[in-house]
Structure formats: structure tokens, C-alpha cells
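Below is one structure, written out as C-alpha cells, with a few remarks after it.
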Amino acid sequence: VAYSPDGRRIISGSYDYTIRMWDAVTGDTVGKPLEGHTSSISSVAYSPDGRLIISGSYDCTIRMWDAETGDTVGKPLEEHTDSICSVAYSPNGRRIISGSDDYTIRMWDAETGDAVGKPLEGHTDLISSVAYSPDGRRIISGSGDYTIRMWDAETGDAVGKPLNEHVDGVADVTCSLDSYHIISSPNDGTIRILDPASYFSRVDTCFYPDSDGWVRHPDGGLLFWVPEDCRNGLSCPAVLTIPTTGHNRVVRLNLEAFSHGSSWTDIKRPEA
């Protein structure tokens, strides 16, 4: 089930192969059943603007529907080789993601219905739940292999290592509104709030400046220069100091606006 973005409608997918729309205030059904799938509906979602509905089914397809009329929109999305377990829209509405019993995640162009990029592979069991981070930069997936994985939403590459705090298959995942935490609901009857940063700190390479203040890539290339008064506290993200205002405090680098290139003179920060 899912709410519409304006909170006025509810949609539900069923084992009877149909999707129903409901008035969220009265509880009455709205319009006709949405029919077209040939097997059970496992997942439904609204587009961020509320104009479209997507549905994933055990018939291995994803369908799009007009949220006002209930009519099908475009062709079924067909690339998975097994049941669809979960579908979700990107925050900007341009992409759709799907998780499947075929152990893969797919990205789709929400306008054309075409598959985008390669399948996201790494899980060793069915993908039970997929979600975008609110900032749209990450995809989160939960699986029957007891793990949660994170992926770069643009490239499809895995980010960090799997989060493996669960002792049973992961049934559902979502991301906090600030994109900093993952909430998961496994089949072991618990709900967990996970901090991905704690996992990244275990796998990130620790770079230290040389005597001249340069931090270098393992191949010897220059990455960035650290001012002398900041070098003492520059350390691996896993290391913390108390108090944070102390002389030897850890220096944290914010690289959100970081630019790089083969020629520094060609680098220009985009206009605001």
C-alpha cells in the first residue's frame, strides 16, 4: 500500500492481480480496479508529483498507470527474469528502481520506460525492498541474504560494504529525511536504525599529508593540500577526539563543492 503525495488517496496491490485506489478520508474505493498484471501485485508507489502510479508484480513486469483515470501508461517494463518484489520512484520523479527475485536491482527512465545502465548486482538472495535516499544520491536495498546495500544512484556502483546487522532476511528499508540514517525491518521481528557512516569509516582508505602538506593518491598523484595548522588533526574518519574544539581535534573535510581536473586552471565552480 502507499499514500499519494497529497495524502488524499491510498493505493493497494493484491494477490487478486489488481490495484485499487481509495479515498483516504472516507475509505471508499475510487474508480475502477487497475487491471493488466497476470500475477500478484507485490509493490505499488506514487510518483512524487502524484500523477502516476507504478506497480511491480510476480509476473516479472512493472506497469505505470494514470493516477487520475486508472488507465495504463506506456509499455510494461520488462527486463527482470523473476518476480518483482519492490518498486520506488526517485525524489525528482525521473527514475524508477525495482528489486527482484532474480537478485538484481534495475533502474528505469520514468518517461520512456527504458532500462538505464547495468543491473545492480551484489546481493545473493531476492531483493525484498528498494528505496531512494531523500537527496536522490543513493539507492538502498534490503535482501533475503540478511544484508542492506547502498548504491550510487547515478552510476549504479556499490557504495561501501554491505550492512549486515540482521540475523534474518530484510523485509523493508527506507531512509531518514536527512539521508543520514537507514531504517530497516527484518523478518526477525525488530526494527533497526543504522548509520551508514560507521560502515564507511571501516572501509575508507586513510590518507595522511606528507611533510609538505600534500595528500596523495596511492599511485602518487596529488589529491589536495592541507594547511599546516590542520595537519595534526587530519585522520581516518573512524578516529574521534573529545573535545571536538581541542587543539588536536579531528579535521573533517567537506568535499561537496570539490572540483578537480587535469589542469587546475580549467576548473571553475558552477555559477549559483
Side-chain angles (χ1 to χ4, degrees), residues 1-2 11-19 34-48 52-67 71-133 136 138-159 162 169-175 184-187:
V1 294
I11 52 173
S12 58
S14 170
Y15 283 110
D16 67 7
Y17 305 1
T18 71
I19 300 158
L34 281 55
E35 298 177 318
H37 283 295
T38 58
S39 190
S40 302
I41 314 297
S42 55
S43 182
V44 290
Y46 269 97
S47 62
L52 295 173
I53 293 167
I54 54 172
S55 57
S57 169
Y58 291 166
D59 65 11
C60 308
T61 71
I62 300 162
R63 286 181 177 266
M64 293 183 283
W65 315 80
D66 186 297
D71 296 332
T72 56
V73 175
K75 61 184 180 181
L77 282 54
E78 301 175 311
E79 288 290 342
H80 284 294
T81 59
D82 209 332
S83 302
I84 310 296
C85 299
S86 182
V87 293
Y89 263 101
S90 64
N92 63 13
R94 296 177 182 172
R95 295 280 175 87
I96 295 167
I97 52 173
S98 56
S100 170
D101 270 350
D102 65 11
Y103 302 2
T104 71
I105 301 159
R106 286 274 185 174
M107 297 186 289
W108 312 82
D109 185 296
E111 185 172 349
T112 66
D114 295 331
V116 176
K118 61 186 179 182
L120 281 56
E121 298 178 318
H123 282 295
T124 58
D125 205 327
L126 64 88
I127 315 296
S128 52
S129 183
V130 290
Y132 271 94
S133 60
R138 296 284 185 261
I139 294 168
I140 302 104
S141 58
S143 170
D145 65 11
Y146 300 8
T147 70
I148 297 167
R149 285 181 176 263
M150 289 169 288
W151 315 82
D152 185 295
E154 186 64 30
T155 66
D157 295 332
V159 176
V170 180
D172 199 13
V173 292
T174 190
C175 197
S184 63
S185 173
N187 294 321

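Bear in mind that the values here come from a model prediction, so they are computed numbers and not experimental data.
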What's the shortest heavy-atom distance between [X] and [Y], and which atoms?
| X | Y | value |
| --- | --- | --- |
| Thr61 | Pro76 | CB-CB, 4.3 Å |
| Asn92 | Pro48 | C-CG, 4.5 Å |
| Tyr46 | Ala2 | CE1-O, 4.2 Å |
| Ala115 | Glu79 | CB-CG, 3.9 Å |
| Lys75 | Thr112 | CE-O, 3.9 Å |
| Ser83 | Cys60 | N-SG, 3.8 Å |

For this session: Could you pull out all residues at least two apart from Asp82 that satisfy salt bridge (charged side-chain N to carboxylate O under 4.0 Å, His left out)?
Result: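 Result, salt bridge (charged side-chain N to carboxylate O under 4.0 Å, His left out) vs Asp82: none returned.
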Quick one, [X] and [Y] - any side-chain contact, counting heavy atoms below 4.5 Å?
| X | Y | answer |
| --- | --- | --- |
| Arg106 | Val87 | no |
| Asp101 | His80 | no |
| Tyr58 | Ser42 | yes |
| Val1 | Ser12 | yes |
| Arg63 | Leu34 | no |
| Arg138 | Asp152 | yes |

Problem set entry | Verdict with supporting geometry, Asp114 and Trp108, side chain to side chain contact (heavy atoms under 4.5 Å, CB included) | CA-CA 6 Å; Asp114 295 331; Trp108 312 82; over 6 Å; no
For this session: Mind checking side-chain contact (heavy atoms from CB on, under 4.5 Å) for Ser86 and listing every partner two or more places apart, or none if nothing turns up?
Result: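 Partners of Ser86 under the side-chain contact (heavy atoms from CB on, under 4.5 Å) test: Ser43, Ser129, Val130.
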Exercise. Out of curiosity, Ile11 CD1 to Ser55 OG, how far, rounded to the nearest 0.5 Å?
Worked result: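 The OG atom of Ser55 is 8.5 Å from CD1 of Ile11, to the nearest 0.5 Å.
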For this session: To the nearest 0.5 Å, tell me how far Ser143 OG sits from Leu126 CG.
Result: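 Taking OG in Ser143 and CG in Leu126, the distance rounds to 6.0 Å.
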For [X] and [Y], indicate whether the former's side chain and the latter's backbone hold a donor-acceptor pair under 3.5 Å.
| X | Y | answer |
| --- | --- | --- |
| Ser100 | Ile84 | no |
| Ser57 | Ser39 | yes |
| Ser185 | Ala171 | no |
| Asp59 | Thr38 | yes |

For this session: Please name the residue in the list Thr104, Ile148, Val173, Ile127 that meets the side-chain contact (heavy atoms from CB on, under 4.5 Å) test with Ser141.
Result: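 Per the side-chain contact (heavy atoms from CB on, under 4.5 Å) rule, the option paired with Ser141 is Ile127, out of Thr104, Ile148, Val173, Ile127.
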